[in-house]
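Encoded as structure tokens, the structure appears first; notes follow it.
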Amino acid sequence: MSGKRIFSGVQPSGNLTIGNYLGAIQQFVRLQEDGEEAFYCVVDLHAVTVPQNPEELREKTVEVAALYMACGLNPKKSTLFVQSHVPAHAELGWLLQCVARIGELNRMTQYKEKGGGKDTVNVGLYTYPVLMAADILLYQATHVPVGEDQKQHLELTRDIAERFNKQFGELFTLPEPMIGEVGARIMALDEPQKKMSKSAKNEMSRIILLDSPEMILKKIKRAVTDTENEIRYDPVRKPGISNLLSIYSLFSGESIDALERKYAGVQYGPFKNDLAEVITDSLSEIQRRYRELSREEVIASLQEGAEKASEVAEQTLRKARELFGFLPKTNQLLSEKL
Ligand code: AQP
């Protein structure tokens, strides 16, 4: 343990992909094993920045939590909770909207990618990075393990925290991003220039953690490669094969160099068969643990997690309210004789 405090989250906006796992959740588990104090959230308030079916959202919220646990997060060691169960997120999110600047949000690329520049996009998608800043700052997190796509939002979080501290008084810890060197950006199987995403339209673009062995094989077989027949890591000229090599390396623990040597002169077909097997083997353990978890157990862990998270979040929020100059509630006023 190194005195770090970790915060991170995953949206229940679809089926978790191997991108979410390799870019984020695998790091969460490693940090837990190192004994770090950590808060891992199912960020449902973020998920509704794009339209969701309410029934499905409820189901996906439990599923993401169950997958956190199946991947190795232990609710007795790390605090696992649902964002909307801790109202402090929404309140600090609002306060920080009064600190963040429009110019800063205009520079964020994710809402442009997701919203496609349409006027009908909801305002939440635009202000999402400010809510993400609130999520992190509420817990005074020192480190935030995320994939490469979240780096810009982390920089914004630091800017908002710094401005708040200068303008209102020292309150927030400035968090550092923790972005893995490999796995930080797993690309889509159908369009290897784009990141793999759980909400992309084409289901064949991603492997989800609960895919069957047959489905994994089918998706890997269909993965876009190139017209050469050389298994070589070159993300610019061979993005498809390079992405498959990264996935193979991350799941098997073999280096990319070793894989290039192992598959020198081998056709794409047999390479893809082996890769599908490696992914299947790795996911089978997660799937076994997932099947063993009961819904009641997951929900009870989330309830306990929300209580623990609220205690920390409320302390920070209370200080933020004071620094803004809000009048405390009457009973607090009387007891503190303010
Ligand atoms: N392709 C990826 N490679 C590496 N890391 C990834 N992450 C997501 N996709 C990849 C990381 O997973 C964590 C949780 O992501 P999120 O659910 O908060 O939102 P996201 O980044 O927008 O992920 P998705 O899968 O693309 O979701 P949708 O489709 O709903 O937008 C983050 O740490 C992220 O970096």
Side-chain angles (χ1 to χ4, degrees), residues 6-31 38-53 56-57 60-61 63-65 67-68 71 73 80 82-83 89 108-116 121-122 124-125 128-129 131-133 135-136 141 143-157 175-203 205-210 223 235 239-240 242-244 246-247 249-251:
I6 315 292
F7 177 91
S8 199
V10 175
Q11 297 184 65
S13 46
N15 298 310
L16 292 199
T17 71
I18 56 170
N20 300 130
Y21 178 68
L22 297 171
I25 302 173
Q26 209 179 34
Q27 283 205 79
F28 302 174
V29 177
R30 240 177 266 136
L31 288 161
F39 296 83
Y40 296 121
C41 192
V42 184
V43 285
D44 53 351
L45 298 177
H46 287 284
V48 296
T49 54
V50 294
Q52 302 289 342
N53 170 308
E56 258 174 49
L57 180 64
K60 290 290 163 208
T61 302
E63 187 181 295
V64 170
L67 280 167
Y68 270 167
C71 288
L73 288 182
L80 309 185
V82 177
Q83 187 185 25
H89 288 253
M108 296 296 118
T109 53
Q110 201 185 56
Y111 90 92
K112 291 180 190 154
E113 283 158 19
K114 281 194 179 177
V121 161
N122 73 57
L125 190 66
Y128 163 122
L131 180 59
M132 179 167 159
D135 299 339
I136 297 164
H143 291 81
V144 184
V146 281
E148 176 83 30
D149 59 314
Q150 296 295 336
K151 198 171 162 209
Q152 198 186 32
H153 294 161
L154 250 295
E155 280 158 12
L156 177 71
T157 300
E176 299 282 342
M178 292 179 102
I179 298 170
E181 276 173 31
V182 272
R185 202 167 169 82
I186 301 298
M187 310 310 278
L189 300 177
D190 59 339
E191 281 181 274
Q193 294 81 3
K194 288 190 182 164
K195 78 159 188 152
M196 184 180 284
S197 218
K198 64 175 113 61
S199 62
K201 278 205 182 80
N202 182 5
E203 287 188 13
S205 67
R206 56 184 170 265
I207 291 181
I208 63 168
L209 298 186
L210 297 175
S242 302
N243 188 38
L244 298 184
S246 298
I247 297 170
S249 166
L250 287 160
F251 276 119

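Side chains are part of it too, since the values below use all heavy atoms of this structure and drop only hydrogens, waters and symmetry mates. Residues take their numbers from the sequence shown, with the count starting at 1. Predicted model only: the values in this text are computed from it and were never measured. Counting starts at 1 for both ligands and their atoms, following the listed order.
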Exercise. Which of these, L250, I207, N20, sits in a side chain to side chain contact (heavy atoms under 4.5 Å, CB included) with I186?
Worked result: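 That would be L250.
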
So if I count the atoms of ligand 1 from 1 in the order they appear, which ones are less than 4.0 Å from some heavy atom of [X]?
{"X": "A24", "result": "12 (O), 13 (C), 33 (O)"}
{"X": "G23", "result": "4 (C), 5 (N)"}
{"X": "N20", "result": "7 (N), 8 (C), 9 (N), 12 (O), 14 (C), 15 (O), 23 (O), 25 (O)"}

Residue part near ligand 1, for [X], under 4.0 Å between non-hydrogen atoms:
{"X": "S199", "value": "both"}
{"X": "S197", "value": "both"}
{"X": "R185", "value": "backbone"}

Do [X] side-chain atoms and [Y] backbone N/O form a donor-acceptor pair below 3.5 Å?
{"X": "N243", "Y": "G240", "answer": "no"}
{"X": "Y68", "Y": "C41", "answer": "yes"}
{"X": "S8", "Y": "P145", "answer": "yes"}
{"X": "Q152", "Y": "T109", "answer": "yes"}
{"X": "N15", "Y": "I208", "answer": "no"}

Problem set entry | Aromatic ring pairing H153/Y128, orientation class (parallel under 30°, perpendicular over 60°, tilted between) |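 Answer is tilted, since the angle falls between 30° and 60°.
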
Exercise. What class does the angle between the rings of F28 and Y40 fall in, given that below 30° is parallel, 30 to 60° is tilted and above 60° is perpendicular?
Worked result: parallel

Problem set entry | Flag for K60-S13: side-chain donor and acceptor within less than 3.5 Å | no

Look at [atom] and find which of [options] reaches it with the closest heavy atom.
{"atom": "atom 21 (O) of ligand 1", "options": "V146, V43, L16, D149", "result": "D149"}
{"atom": "atom 14 (C) of ligand 1", "options": "G9, C41, G147, S13", "result": "G9"}
{"atom": "atom 3 (N) of ligand 1", "options": "V144, L154, I186", "result": "I186"}

Exercise. Is it true that V10 lies under 4.0 Å from ligand 1, counting heavy atoms only?
Worked result: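 Judged by the 4.0 Å heavy-atom criterion, V10 does count as contacting ligand 1.
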
For this session: Check whether any heavy atom of G14 sits under 4.0 Å from an atom of ligand 1.
Result: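 Contact check G14 vs ligand 1: negative.
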
Exercise. Under 3.5 Å, N or O to N or O, is P145 touching ligand 1 that way?
Worked result: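 Min N/O separation from ligand 1 is not below 3.5 Å for P145.
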
Problem set entry | Any N or O of S8 closer than 3.5 Å to N or O of ligand 1 |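 There is no such contact.
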
